[in-house]
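Heads up: the structure comes next, in structure tokens.
Because the structure is predicted, anything quoted here is derived from the model rather than measured.
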Amino acid sequence: MNQPLAGYAPAPVTARMENHGSHMLKVAMQTGNDLLARVGSMVAYEGFIQYEPNPPAVRQIARDWITGEGAPLMKCSGDGLLYLADYGANVVVINLGGDAISVNATNLLAFDANLQWGVERVKGLAKFAGQGLWNTKISGQGWVALTSRGEPIVVDCGGGEDETYVDPDALVAWSPNLKVKGKRSFKAQSLIGRGSGEAYQMAFSGTGIVVVQPSEDSTDRLRFRG
């Protein structure tokens with residue numbers, strides 16, 4: 001019976017975070033190296049791991065999270081292997097290595113608790129949108145896991161003069177050192193019943209990357225507030 005399932009067995013641990021298939025994250029947990037993960041994302045674990053939903057440190061940092069209700073995060077601590085997933089979404093693992101990344105809150109699956117993070121206003125869009133656009137910036141030495149509705153593409157902006165345009169509903173993350181501005185356009189799809197009026201795109205320029213998912217999931221995306 002085990003033979004047909006052998007290909008699905010967990011592989012030996014080689015890193016703090018790694019993919020187990022395309023839709024699951026495996027985290028090597030150690031005492032003193034805590035993890036912050038999306039509430040409800042745990043699907044299995046081995047060893048002794050404890051969970052604390054929305055701990056005080058998270059509430060203090062994220063009390064201005066977009067909805068005003070705090071970040072839906074839990075602190076995971078202990079020793080063992082932890083498996084996380086988010087409704088079958090693709091999982092993308094990033095080792096920041098001292099760099100930073102700006103992430104949609106809805107695409108944030110887990111990150112090392114020692115990383116610096118917070119909710120920040122996206123510069124360059126306030127006047128354009130007439131409101132504030134907010135995202136989560138994470139930086140430092142450590143690991144971050146993101147989710148994508150389908151297999152994402154990573155666009156290297158290349159540092160040239162050309163701009164990269166992205167539908168906000170498909171945007172997952174980007175390098176925070178990129179310059180961002182807004183653009184209005186009239187979508188052809190508005191003529192066939194999927195919407196009407198002007199549409200917004202985000203234009204990125206400079207040196208860095210943009211992560212884009214193959215889904216215009218407009219539910220709970222980048223949050224606007226006045």
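- No donor-acceptor pair closer than 3.5 Å links the side chain of S175 to the backbone N or O of N177.
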Anything under 3.5 Å between a donor and an acceptor, one on a side chain of residues 17-25, the other on a protein residue two or more places apart or in another chain? List them.
| unit_1 | atom_1 | unit_2 | atom_2 | d |
| --- | --- | --- | --- | --- |
| E18 | OE1 | T14 | OG1 | 2.7 |
| E18 | OE2 | T14 | N | 3.3 |
| N19 | ND2 | G21 | O | 3.4 |
| N19 | ND2 | V91 | O | 2.9 |
| H20 | NE2 | Y8 | O | 3.0 |
| H23 | ND1 | G88 | O | 2.9 |

Might you work through the side chain to side chain contact (heavy atoms under 4.5 Å, CB included) test for V211 and L171, ending with a clear yes or no? CA-CA 6 Å; V211 183; L171 182 63; over 6 Å; no
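- Legend: salt bridge (charged side-chain N to carboxylate O under 4.0 Å, His left out) pairs involving residues 91-100, not counting sequence neighbours: none detected.
- In this structure, OG1 in T136 is found 11.0 Å from CD1 in I101, a value given to the nearest 0.5 Å.
- Considering only residues two or more places apart in sequence or on other chains, D79 meets the side chain to side chain donor-acceptor pair (under 3.5 Å) condition with T31.
- In plain terms, the two heavy atoms of L84 and A37 that are nearest each other are CD1-CB, 3.8 Å.
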Dump the intermediate steps for side chain to side chain contact (heavy atoms under 4.5 Å, CB included) on Q141 and L96, then the final yes or no. CA-CA 6 Å; Q141 295 282 348; L96 288 182; over 6 Å; no
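- Among residues two or more places apart in sequence or in another chain, the ring pair (Phe, Tyr, Trp, His ring centres under 6.0 Å) test is passed with Y51 by Y45.
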V210/L178 under side chain to side chain contact (heavy atoms under 4.5 Å, CB included): CA gap, chis, key distance, verdict: CA-CA 9 Å; V210 180; L178 289 172; 3.8 Å; yes
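- One hydrophobic cluster, built from ILVMFWY side chains closer than 4.5 Å, cannot hold both V43 and L36; they sit in different ones.
- Of the possible polar contacts, one joining the R38 side chain to the A105 backbone as a donor-acceptor pair under 3.5 Å is found.
- D34 meets the side chain to side chain donor-acceptor pair (under 3.5 Å) test with no other residue; sequence neighbours excluded.
- The line from CD1 of I49 to OG of S77 is 8.5 Å long, rounded to the nearest 0.5 Å.
- Ion pairing between a basic and an acidic side chain is recognised when a charged N comes within 4.0 Å of a carboxylate O; E163 and K181 show such pairing.
- V180 and V155 fall within the same hydrophobic cluster, where Ile, Leu, Val, Met, Phe, Trp and Tyr residues are linked whenever their side-chain heavy atoms come under 4.5 Å apart, directly or through other members.
- Annotation for S148 and G150: closest pair OG-O, 2.6 Å, computed over non-hydrogen atoms.
- The OG atom of S215 sits 11.0 Å away from the CG atom of N90 when rounded to the nearest 0.5 Å.
- Here CD of Q50 is found 11.0 Å from SG of C76. Values are rounded to the nearest 0.5 Å.
- K137 is linked by a side chain to side chain contact (heavy atoms under 4.5 Å, CB included) to A100, E120, P176, counting only residues two or more places apart in sequence or in another chain.
- With sequence neighbours excluded, the residues forming a side chain to side chain contact (heavy atoms under 4.5 Å, CB included) with Q116 are S139, listed by chain and number.
- Under the 4.5 Å side-chain criterion, counting only non-hydrogen atoms from C-beta, M29 is not in contact with F48.
- Between C157 and T207, every side-chain heavy-atom pair lies at or beyond the 4.5 Å cut-off.
- The shortest distance between side-chain heavy atoms of I94 and W143 does not fall below 4.5 Å.
- Listed for the R16 side chain is a donor-acceptor partner under 3.5 Å among the backbone atoms of N33.
- By the side chain to side chain contact (heavy atoms under 4.5 Å, CB included) test, A89 is found to be paired with T147, R149, residues two or more places apart in sequence or in another chain being considered.
- Checking side-chain atoms of D167 against main-chain N and O of Q201 turns up no donor-acceptor pair under 3.5 Å.
- A pairwise comparison of heavy atoms in K26 and P12 identifies NZ-O, 4.0 Å as the closest pair.
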Worked verdict on L109 versus S41 for side chain to side chain contact (heavy atoms under 4.5 Å, CB included): CA-CA 8 Å; L109 180 61; S41 61; 3.7 Å; yes
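- Closest approach of P53 to M74, counting heavy atoms only: CA-CB, 3.8 Å.
- A search for side chain to side chain donor-acceptor pair (under 3.5 Å) contacts involving S102 returns N135, not counting sequence neighbours.
- In this structure, CG on L73 lies 6.5 Å from CG on L108, to the nearest 0.5 angstrom.
- Not one N or O on the side chain of D156 forms a donor-acceptor pair closer than 3.5 Å with the backbone of I209.
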Does the ring-ring contact (aromatic ring centres under 6.0 Å, His included) test come out yes or no for F111 and W117, once each step is laid out? CA-CA 10 Å; F111 58 97; W117 69 284; 5.5 Å; yes
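- Under the salt bridge (Lys or Arg N to Asp or Glu O under 4.0 Å) criterion, E46 pairs with no residue, sequence neighbours left out.
- Hydrophobic clustering of Ile, Leu, Val, Met, Phe, Trp and Tyr side chains at less than 4.5 Å, counting indirect connections, unites V39 with L35.
- Sorted by first and then second residue, the ring pair (Phe, Tyr, Trp, His ring centres under 6.0 Å) pairs with a member in residues 74-110 form an empty list; sequence neighbours excluded.
- Linking Ile, Leu, Val, Met, Phe, Trp and Tyr whenever their side-chain heavy atoms come within less than 4.5 Å leaves Y165 and W174 in two separate clusters.
- Here the closest heavy-atom approach between residue L115 and residue G140 is recorded as CD2-C, 3.5 Å.
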